[in-house]
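Side chains included, hydrogens not; waters and symmetry mates left out as well; all remaining heavy atoms used. Position 1 is the first residue of the sequence; numbering continues from there. Order of appearance sets the numbers: ligands from 1, and atoms from 1 within every ligand.
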Amino acid sequence: MPQCLIRGLRSIELTATNLDEATRFYEGVWGLTPIERRNDAIYFRGTARYHHVLGLHRGAQPAVIRIVFDVADRAAVEALHRAVAASGCSATAPGPVALAGGGFGFGCKDPDGRNLAFVAGAADHADGADRADKPRKIVHVNLNAANHDATLGFFTGTLGFRVVDDNAPLTFLHCANADHCSIVLANTQLPTLNHIAFEVPDFDSVMRGMGRLKDNGYPIEWGPGRHGPGNNVFAYFCGPDEVPLEYAAEVLQIDDGYQPHGSDYWKYKPGRSEQWGLTAPRSARYYRVQRLFGFTADGERVN
Ligand SMILES: [Fe+2]
């Protein structure tokens, strides 16, 4: 297995059919901070140092434009690029990045046609302290996989992720940080987004976040609960354009000694969908939107 050169998730970029409404939500309700506006686009940071964690681009159809991963330096970007090119997936040449925050990087399409980018040396912030109730960063993105075996092979064999747990249809993938997983693949025969999980500082931030979303007309679609793999406290919502979002706290921190488990180990008692046994299963609406969001055709180029 190759050494993993990916240190985490920097950001995700989405289209927004109503940019003003989405901006009000992500700033006023979800808890991010706008830091840069461009023509028909706005970028938000969390409390971690990443230049931004979310980019919204005005668009006619709800979609994911790209997922951007954090890489240590130019040499690591170039090594990743060689691996991706050797895999047969299409990739742009490494170079200065034209996205907000800049840096050096490249884009590619994974075996399901999702746009991924890998960036080092972006203009990150000097401050990174927690703030009560405010998201730090994206802690994981869950992707539905149409070509599951090819996608899993790409993330592990080419990008160097390690499989840390299986709970069918989910496979949990760990990269070079302490978080249990940064990518989850859902074997659901679709090339779409399953959900985006934002990490908040603690349990109370999840609970107060649930109240805040409820107050603002965004019902709780699943939760509160505690997942098996990753052990995090969770609550799920549908954001603007019904984008599937999660607040997550107390994510299990692991090292190379972590022993993965399979689906039999993680199976819940009948009637349960998480460890506590308090929440009802996810709503029908959430189940539906966890399949909807495709990736744009044109999001590969980042230079
Ligand atoms: Fe999640």
Excluding waters, which are neither shown nor counted, protein N/O/S atoms under 2.8 Å from the Fe ion (ligand 1) come to 3
Flag the pair Asp70 and Lys137 as a salt bridge only when some basic side-chain nitrogen lies within less than 4.0 angstrom of an acidic carboxylate oxygen.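 Salt bridge flag = no for Lys137 with Asp70.
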Carboxylate-amine/guanidinium contact Glu78 Arg74, below 4.0 Å: yes
So among Phe198, Phe234, Trp222, Phe237, which one has a ring-ring contact (aromatic ring centres under 6.0 Å, His included) with Tyr247?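 The option that passes is Phe237.
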Looking at Arg301, I'd like to know if its CZ atom is crowded, meaning that more than 12 non-hydrogen atoms belonging to other residues, nucleotides or ligands lie closer than 6.0 Å. no
Are the aromatic rings of His180 and Phe172 close, with centres under 6.0 Å apart? yes
Suppose clustering is done on Ile, Leu, Val, Met, Phe, Trp and Tyr with side-chain heavy atoms closer than 4.5 Å. Which residues sit in the same group as Val139? Val251
